[in-house]
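Below you'll find the structure, written out as structure tokens, and then a few comments.
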2 protein chains.
Amino acid sequence: MASRTRPAQRRTEALSRERIVEAAVELLDAAGEGGLTVRALTQRLATGPGTIYWHVGNRGGLLDAATDAVVAAALATEPAGAPGTPQDEIRAIALGLFDAIAGHPWLATQLATQLSRSPWGLVTPRIFESIGRRVRALGVPEGDWFTAASALVHYILGAAGQNAANARVLASDADRAEFLDAASRAWEELDPDDYPFTRAVANQVREHDDREQFLAGIDLILTGVTTLHPPTGQAPAPPAT
Amino acid sequence: MASRTRPAQRRTEALSRERIVEAAVELLDAAGEGGLTVRALTQRLATGPGTIYWHVGNRGGLLDAATDAVVAAALATEPAGAPGTPQDEIRAIALGLFDAIAGHPWLATQLATQLSRSPWGLVTPRIFESIGRRVRALGVPEGDWFTAASALVHYILGAAGQNAANARVLASDADRAEFLDAASRAWEELDPDDYPFTRAVANQVREHDDREQFLAGIDLILTGVTTLHPPTGQAPAPPAT
DNA sequence: ACCTGAACACCGTTCAAGT
DNA sequence: ACCTGAACACCGTTCAAGT
């Protein structure tokens, strides 16, 4: 029996950047952005602050890495076997991001921060490419690719971010109903002179389904794209006046 | 030595919540979210931390108040005398928010944070109402008001937020050209196998105009809305198959 | 190369005390 | 009612020192 005597070591593997990012995501999921502190991380990983700073530059870099890791995972599940129409694939990708933000609500703020800081980070091209390929498959003329893909990505990130709060409470259906009821009631109590429209749609808030509503917005943009930027060779419809 | 950076002059008026929020916006504009510290505020207002906490609850509340103040100001300029078509008014409101975020880049992150936290804060109804009235004026059937207005608001906030970085450097045309050139070049250098679409549109990035692009997205949604939710009495177009 | 932990500068917030 | 400033707990980050 040639069993190697394993030296008693604290951790079985050396700490890695991946392991640290993984722990960061766990902390963020558990307690939001405020939950990610270097000290909480050192405790969870049984190490000192110096180790964190040796592997990842600083807290900001860690936040960026966590964001990229979660987005990459969400987009990785996209080629779901059977390819559908470009529209179907866009809906699937969009829902994947929507659900990722629902599962990691801190993503909403973090994506806004990261994207507003520099559009050529890691995250933007990833999302842009994924949507863009389907825009191309739609037959949109090349000159309109950037406009069409941008509109979709902007909408997806904007809508998903603003639904993060709803989704967080989605756990129980009763909680969700209570949440929507409270939201609806708050809107019904607004000043009738200042907020006639918002009051009028308050009951639609109570009954709506986040994901359906989100997809309805996607369909509005897709309809606009195929109407204003039809495949080359087909005449564009006259602008609605 | 009696030299001070600030004249040891006593304030003429008592501090007010409005004055504090105003100073907070100045600090945010000057140095981003990190620039707003209670200590920087006490120095600028020549007071102690207790005063800040007496007038506004805490730093979070101050951030919310600053966000609401800037958004309210942006929406207040909307009734620009001559009323146009609902489409024109939606474009004008959207551009107002776009420019507000461009002038106060910290708004992007702050809006995402505030909206993802609770959709029934102050800011959401303000924006929603402003857009919603024009959706109604468009003749959209009442059952589709919420969907149409939501799509527009989600897009506006998403797109404006993601353009905050570009806008920040918009000061000089030369700086802007350099910025877009760097962005375009970064995309051209992506892996050809992983990012064919993104590389293909890289040169459109260099030439695009933020505001035009933003409005093009608005028009895509408006086209979708008038196509899928035409005024009652007109038959909706068949879904694209 | 990787890790440790004390130390530093800074932060949000509280509160007894003043006017 | 409004303001002051010391004090507290906590934070991100650094760095000389260890293996």
Side-chain angles (χ1 to χ4, degrees), chain A residues 5-67 106 109-110 113-114 117, chain B residues 2 4-67 106 109-110 113-114 117:
Chain A
T5 49
R6 298 176 66 96
Q9 43 191 26
R10 299 173 298 273
R11 280 183 296 272
T12 50
E13 312 170 34
L15 232 33
S16 64
R17 182 183 160 87
E18 290 72 39
R19 179 70 195 97
I20 293 175
V21 170
E22 185 188 326
V25 170
E26 290 166 11
L27 285 174
L28 287 164
D29 287 346
E33 194 193 319
L36 176 61
T37 67
V38 175
R39 278 170 177 77
L41 213 46
T42 61
Q43 190 184 345
R44 175 175 280 246
L45 295 171
T47 182
T51 309
I52 308 296
Y53 283 84
W54 194 89
H55 282 285
V56 306
N58 53 21
R59 199 188 104 107
L62 192 52
L63 233 17
D64 286 351
T67 302
W106 50 272
T109 300
Q110 199 48 36
T113 306
Q114 194 168 341
R117 198 175 47 224
Chain B
R4 273 212 202 161
T5 25
R6 288 235 152 227
Q9 182 185 345
R10 192 95 191 125
R11 281 186 305 276
T12 50
E13 315 169 32
L15 232 34
S16 64
R17 182 183 161 87
E18 290 73 36
R19 180 69 196 99
I20 294 175
V21 170
E22 184 188 328
V25 170
E26 290 167 10
L27 284 174
L28 287 163
D29 287 346
E33 193 192 319
L36 176 61
T37 67
V38 175
R39 279 169 176 79
L41 213 45
T42 59
Q43 190 185 345
R44 175 175 280 247
L45 295 171
T47 182
T51 311
I52 308 294
Y53 283 84
W54 193 89
H55 282 285
V56 306
N58 53 21
R59 199 187 103 107
L62 192 52
L63 233 17
D64 286 351
T67 301
W106 50 273
T109 301
Q110 199 47 34
T113 307
Q114 193 168 341
R117 196 174 50 223

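Letters A, B, ... mirror the listed sequences (proteins, then strands); counts begin at 1.
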(message) Could you report the tightest heavy-atom contact between B:P49 and B:V38, atom names first, then the distance?
(response) CB-CG1, 4.1 Å

(message) Rounded to the nearest 0.5 Å, what separates atom CH2 in A:W106 from atom CG in A:L63?
(response)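 Reported value, rounded in 0.5 Å steps: 7.5 Å.
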
(message) Using OP1 and OP2 only, check whether a side-chain N or O of B:H55 sits under 4.0 Å from D:dC3.
(response)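 Yes, B:H55 has a side-chain N/O under 4.0 Å of OP1/OP2 on D:dC3.
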
(request) Report yes if a side-chain nitrogen or oxygen of B:T47 is closer than 4.0 Å to either non-bridging phosphate oxygen (OP1 or OP2) of D:dC3; otherwise report no. (result) no

(request) For B:T109 and A:T113, run side-chain hydrogen bond (donor to acceptor under 3.5 Å, both in side chains): C-alpha distance rounded to whole Å, both residues' side-chain angles, the deciding distance at 0.1 Å, then the answer. (result) CA-CA 5 Å; B:T109 301; A:T113 306; 3.3 Å; yes

(request) Enumerate the residues from residues 32-40 of chain A whose closest heavy atom to DNA chain D is under 4.0 Å, giving them by residue number; use none for an empty result. (result) A:L36, A:T37, A:V38, A:R39

(message) Can you tell whether the side chains of B:E22 and B:R44 come within less than 4.0 Å, N to carboxylate O?
(response)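 No, B:E22 and B:R44 are not salt-bridged.
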
(message) Pair B:T37, B:T42 - check side chain to side chain contact (heavy atoms under 4.5 Å, CB included), show working.
(response) CA-CA 9 Å; B:T37 67; B:T42 59; over 6 Å; no

(request) Dot-bracket for DNA chain C, please, read 5' to 3', with Watson-Crick or G-U wobble pairs under 3.5 Å on both distances, ( ) within the strand, [ ] crossing, | other strand, . unpaired. (result) ||.|||||...|||||.||

(message) By nearest atom, which of the nucleotides C:dG5, C:dT14, D:dC3 is closest to the B:Y53 side chain?
(response)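 Ranking C:dG5, C:dT14, D:dC3 by closest atom to the B:Y53 side chain puts C:dT14 first.
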
(message) Quick one, B:L41 and B:L62 - any side-chain contact, counting heavy atoms below 4.5 Å?
(response) yes

(request) Take atom C1' in D:dC10 and the same atom in C:dA9, then report the distance between them in whole Å. (result) 13 Å

